[in-house]
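Chain letters run A, B, ... following the sequence lines, proteins first and then strands; every chain starts at 1. These figures come from a predicted structure and were not determined experimentally.
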There are 2 protein chains.
Amino acid sequence: MGTVSSSSYHHGDLRRALLDQAVPLIAEVGPASASLRELARRTGVSHAAPAHHFGDKPGLLAAVAAEGFDLLADRLRAATETTGSLVEVGVAYVRFALDHPAHFATMFRPDLLPEADPVLTAARDRAGDVLHAAVATTAGGVLAEDPRTGAVAAWSLVHGFATLWSSGALPGRSHPDADPDELARAVAGVLTR
Amino acid sequence: MGTVSSSSYHHGDLRRALLDQAVPLIAEVGPASASLRELARRTGVSHAAPAHHFGDKPGLLAAVAAEGFDLLADRLRAATETTGSLVEVGVAYVRFALDHPAHFATMFRPDLLPEADPVLTAARDRAGDVLHAAVATTAGGVLAEDPRTGAVAAWSLVHGFATLWSSGALPGRSHPDADPDELARAVAGVLTR
DNA sequence: GGGGGAATCTTGTCGGTGGAAAGATTCGGT
DNA sequence: ACCGAATCTTTCCACCGACAAGATTCCCCC
């Protein structure tokens, strides 16, 4: 493994290179307008190379989304372990959305993602488990009678805030010039009364 | 007004007809994949007719989104006046997202919408005003110290739930077979806990 | 009532995109 | 060294968004 090929035909790890180029491309033009051909152009390969590794465009986006769910799971786990605070876990969720806009913009787009992708589903489930665990350990059922309801509510709150903020619906209206971190903390604070 | 033209050249109210056909089309394939040409095909006009009325594809989606914000404002206003309950206003928000998936899926997509569209901005501001008023009259500042923070939190909660539900991230996981209305009510209930 | 300008809609065209098919090149196991 | 398999390229087709130019109809004003 790891042998670097000097040939121009075999890339070595083209799949990894394509993914790394796809993220900034998606960040620029959005997952809907990110084209496989432009991705191939930026990576310096033929326009059909991406299709070989990802099948089709939904396949590429599924790989990005799966990577995003794994990154998100890491962030939530780290926030849970280091702070033990539900609010900080929520802030970590929002920070992930702002730090990785391309991933976040791809992860919740069923119209662009394949309907049933095993690795995507697995990554999504892993992140869901981490999130449920985080809510359980930091807010042991004080949010609602049913702990699952509390988890859904906490998830909805931070996810909605991240979505609204990154869609540009919030700034300029309610809070003219606010730091998203501070605003996120205040909003997440609603969870703890 | 209202004179029906028997000619095949002038439609009468093609703009309205295009919008009415665009909504189910978007509901089927999503706002990103909804094509002006398929829309023209379904409406029985030439492939360039939509561009005449909406300029380009972002222009069409802006019209759909603006219609959606007006519909949403009506729903929120009605819920505020008839129930006076913050939870029911939240449920109305979720119901709107589920009842009008095409509109909702279009409204918060800055990558597909024109950056500055006067009628869209106006409709969005109207809906924002109604939402802020609804939160103010039904929960007079009990959510957070800053009433604007409370409004953002309430909005984030219901928007996040609607987004997560319609993206398919929720069902099957936390709540195997749940009625979205009931789950929305339980989640929104966290606000008045 | 009849011109004439303007609005509406069509036809034709161009570059770009996704996807499939088939071929060229290289890798890796035996 | 060989041969199958994986990787990547080339070629091709249908569809899409956008633009330009032309055809048709409406409506207002004289």
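Atom-to-atom distance recorded for B:H103:NE2 and B:L71:CG is 5.5 Å, nearest 0.5 angstrom.
For the pair B:S166 (side chain) and B:T163 (backbone), a donor-acceptor distance under 3.5 Å is present.
Among D:dC8, D:dC16, D:dA18, the nucleotide with an atom closest to any side-chain atom of B:P58 is D:dA18. Taking every side-chain heavy atom of B:K57 into account, D:dA18 is the closest of D:dT9, D:dA18, C:dC9.
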So which protein nitrogen or oxygen atoms get under 3.5 Å of nucleotides 12-16 of chain C's nitrogens or oxygens?
from, atom 1, to, atom 2, distance (Å)
C:dG12, O6, B:H47, NE2, 3.3

Would you list the protein and nucleotides 4-7 of chain C atom pairs, both N or O, that sit under 3.5 Å from each other?
none

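Counting any heavy atom pair closer than 4.0 Å across all strands shown, B:A34 reaches sugar-phosphate atoms only and no base atom. When heavy atoms are screened at a 4.0 angstrom cut-off, A:A51 is found touching no nucleic acid atom at all.
Of the charged side-chain nitrogens involved, at least one lies within less than 4.0 Å of a carboxylate oxygen, so that B:D74 and B:R77 count as a salt-bridged pair. Taking the charged nitrogens against the carboxylate oxygens, B:E28 and B:R42 do have a contact shorter than 4.0 Å, which makes a salt bridge. Between A:R75 and A:D70 there is no salt bridge, since no side-chain N of the basic residue sits under 4.0 Å from a carboxylate O of the acidic one.
A side chain to side chain contact (heavy atoms under 4.5 Å, CB included) with A:L157 is found for one member of B:L157, B:V187, B:V158, B:V190 and no other, namely B:L157.
Comparing A:G55 and A:E38 by the nucleotide of DNA chain C that holds the closest heavy atom to each, the one mapping nearer the 5' end is A:E38.
The distance between atom CG of B:L112 and atom C1' of D:dG17, rounded to the nearest whole Å, is 14 Å. Atom CG in A:L14 sits about 16 Å away from atom P in D:dA6, given to the nearest Å. B:L39 places its CG atom 13 Å from the C1' atom of D:dC16, with the value rounded to the nearest Å.
Using bins of under 30°, 30° to 60° and over 60° for the plane-to-plane angle, the ring pair B:F104/B:H159 lands in the tilted bin.
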For this session: Apply ring pair (Phe, Tyr, Trp, His ring centres under 6.0 Å) to B:F96 and B:F69, showing your working.
Result: CA-CA 10 Å; B:F96 165 79; B:F69 278 112; 8.5 Å; no
